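One structure is given below, encoded as structure tokens.
Please read these numbers as outputs of a predicted model, since none were measured by experiment.
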Amino acid sequence: MSIKSQHSTHQILSHPKQRKIRKIMRNQLYLLFLGIFVLITLNKSVHVSAQKYISLGKQKHRHDDMQQMEQPLSGIQIHKTVLALTKSASIHVVGPMLLGSKGEDFEWVTINLKNADPTNDDWVGVFSPAKFNESICPPVTIDEQQFGAPFLCTAPLKFKYANYQNTNYTKTGRTSLKFRLINQRGDFSFAFFSGGVSNPKLIGVSNFVAFANPKAPLYPRLALGKSWDIMTVTWTSGYNIDEAVPFVEWGWKGQDQKRSPAGTLTFHRNSMCGTPARTVGWRDPGFIHTSFLKDLWPNMVYTYKLGHMLNNGSIVWSKQYSFKSAPFPGQESLQRIVIFGDMGKQERDGSNEYANYQPGSLMTTDTLIKDLDNIDAVFLIGDLPYANGYISQWDQFTAQVEPITSRVPFMIASGNHERTWENSGSLYTGIDSGGECGVPAETLYYVPAENRAKFWYAADYGMFHFCIGDTEHDWREGSEQYKFIEQCFASANRHKQPWLIFATHRVLGYSSNDWYAKEGSFEEPMGREHLQKLWQKYKVDMAFYGHVHNYERVCPIYQNQCVNKETSHYSGVVNGTIHVVVGGGGSNLNRFTTINTTWSVFKDYDYGFVKLTAFDQSNLLFEYKKSKDGKVYDSFTISRDYKDVLACVHDGCEPTTLAS
């Protein structure tokens, strides 16, 4: 039975005798583990006798089953852990216990394992805080109600099987593993388990390691503000406002610097809507700071660094970063925008390796980093880390994309894996967010929305005008969001900003994806029915979608009919909107239907992203690049004059009168 179903079908018993037994058992467990951790802190091995547990039949872990899981950590039944510490197994950290002594944000840590009874199911979990035995889940099963809450109720940050890259482990009982740790505002320990992830038995715990300053300001995320001359900087730290005052020191490169204050937010377990976010997936997110750098000059390189002034007057600094400010709206210059969806996160150390959950995520990340000098802004249109209620994964994601987000505006949209949850105001039913119901995304990333809980907003970058929708809230005609979308389209000055872009997560236009084809809609039902009149009326150039994990370009289209026969170069009046699915940012790919969809121009079952390059107000280049090599595999150009944007098209004509 899953954690969710357990919590929804059982209640905590409160009989006095049961409470007494539960209290005694919990106290015994606590004293036992307290003694263990005292030994750990003295850097001695943990060797504690334990009752021999009954084998439930050890099987080689099924990699194919793990690959199908929505989130790798969800396969770990941590609440079923049995305490089975034994002197025949040990786990030790090799090297220094203090990490980041030179200000590093991450460190590689090696651990040595030894087990006299090794199996293919043995695995190691990374826990933070290091004392992970604190019980935070209410008892739900009969045994838990009688004897106390689960022994462990905190999921690890990541895990590896002991036989990772060592096929001799089951013969020798010895191996080493390397983990890449990022600074996550806490100390770390490594726990050694047998019994697989379904029935874990804790057989050893390592000594602790910690970063020199676990509260350090980290992982800056730039975003466009509500005005073209504002850049926002959001970052994470361990400092609340009663400990330190957050700010950003910034200015022209090589010139005098100024300081701008930052606001501080966080969220709590009771901000989450359900499990696992409220239970095994919960981890304190630290404090989220946002500063608004205002009155920027266009096209200037600014340097900045994050600061926290402590109560004693000293300042904790981040390293220095830089960004280039946005061009003035309508300014003609080379402007380059990257768009994709469904990125996910991936561990550089091979952790969670059997899940194969987002195998393209690092390819996309690294390819963008290599070309970052030729990118001005990035739009990730939903489904960011696929944390799915495991809050620690948001830190892992922000660290992964930090080389990008610290240098160029990183704009996001809300996806089903950020927002969707039962009875929480989501348009769609489901539990895709793992109980997050949008809170981590809207807190950790700034968007220039009037209400960040409603993820629709407008953004300007030079000659581009972006209208970002939120498919997880009602977008149908008559809704609040529908009115915003029309207002956003109508507000575009097409003389100054000729390139009008609509982007959202779920496919509201066209897709040859297999499941949409089986539904017979080739889209989210009612998408085109409600929105195509707006796309046509306001002559939207392109509409981008994620959700479907592949790439597909559709012809300029209206009412299911291609309205332009060109495929590689569009000139003059285009007559319809070009729809693009670009959901191959990193998560497992989705198959296309075998049905011949006549409106589809190009399909690709691979990881990649789109790059738009505006040369001036008349010429634009569209490129689809694969993440594996950064090469162009699909492209087209648009060349037109302002009069072509104004021209009358079917259902897109301004009213006229016969009066002179």
Side-chain angles (χ1 to χ4, degrees), residues 103 105 216-237 246-263 288-308 317-329 331 333-340 343 364-380 384 397-412 444-448 457-464 466 468 609 611-614:
D105 299 341
L218 296 169
Y219 318 128
R221 284 95 65 187
L222 298 173
L224 300 172
K226 291 184 178 180
S227 173
W228 70 270
D229 59 351
I230 298 175
M231 187 72 77
T232 67
V233 186
T234 300
W235 72 95
T236 304
S237 85
F247 64 93
V248 176
E249 185 170 278
W250 61 284
W252 289 356
K253 186 175 182 179
Q255 302 295 317
D256 291 339
Q257 307 290 290
K258 66 179 74 174
R259 292 182 179 180
S260 293
I288 318 303
H289 316 281
T290 299
S291 183
F292 297 84
L293 314 186
K294 300 179 180 180
D295 298 325
L296 302 177
W297 291 31
N299 317 305
M300 295 296 294
V301 175
Y302 288 85
T303 59
Y304 72 98
K305 56 183 178 179
L306 318 171
H308 289 265
W317 293 105
S318 73
K319 58 186 177 183
Q320 188 176 76
Y321 305 90
S322 66
F323 67 86
K324 185 179 180 180
S325 57
F328 186 79
Q331 172 193 303
S333 60
L334 191 65
Q335 296 161 16
R336 302 149 301 183
I337 308 295
V338 165
I339 305 176
F340 62 94
M343 187 177 201
T364 300
T365 301
D366 292 343
T367 299
L368 293 179
I369 292 171
K370 289 176 184 177
D371 195 40
L372 205 54
D373 288 339
N374 300 306
I375 297 171
D376 295 310
V378 173
F379 284 77
L380 173 47
L384 282 65
F397 177 76
T398 57
Q400 176 178 316
V401 297
E402 183 262 359
I404 303 170
T405 65
S406 63
R407 286 186 56 192
V408 301
F410 193 82
M411 312 303 295
I412 70 167
L444 288 161
Y445 285 85
Y446 175 85
V447 294
Y457 62 91
D460 294 313
Y461 193 90
M463 294 176 286
F464 289 97
F466 294 93
I468 308 301
F609 53 90
K611 184 177 182 180
L612 302 177
T613 302

Heavy-atom check, side chain of [X] versus side chain of [Y], under 4.5 Å:
{"X": "Tyr445", "Y": "Thr234", "result": "no"}
{"X": "Leu222", "Y": "Tyr446", "result": "no"}
{"X": "Leu612", "Y": "Phe464", "result": "yes"}
{"X": "Trp235", "Y": "Ile288", "result": "no"}
{"X": "Tyr457", "Y": "Phe466", "result": "no"}
{"X": "Phe397", "Y": "Leu384", "result": "yes"}
{"X": "Thr365", "Y": "Ile369", "result": "yes"}

Indicate whether any N or O donor in one side chain lies under 3.5 Å from an N or O acceptor in the other, for [X] and [Y].
{"X": "His289", "Y": "Ser237", "value": "yes"}
{"X": "Gln320", "Y": "Ser322", "value": "no"}
{"X": "Ser260", "Y": "Trp250", "value": "yes"}
{"X": "Thr232", "Y": "Thr290", "value": "no"}
{"X": "Gln255", "Y": "Tyr302", "value": "no"}

Do any N or O atoms from the side chain of [X] and from the backbone of [Y] form a donor-acceptor pair under 3.5 angstrom?
{"X": "Gln335", "Y": "Met463", "value": "yes"}
{"X": "Ser325", "Y": "Asn299", "value": "yes"}
{"X": "Lys324", "Y": "Pro298", "value": "no"}

Results of side-chain contact (heavy atoms from CB on, under 4.5 Å) for Leu334 - residues two or more places apart only:
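Arg336, Thr613, Phe615.
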Answer yes or no: are there more than 12 heavy-atom neighbours, outside Lys226 itself, under 6.0 Å from its atom NZ?
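Enclosed: over 12 neighbouring heavy atoms sit under 6.0 Å from NZ of Lys226.
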Cation-pi check, Arg221 onto Phe410 ring (under 6.0 Å, within 45° of axis)
no
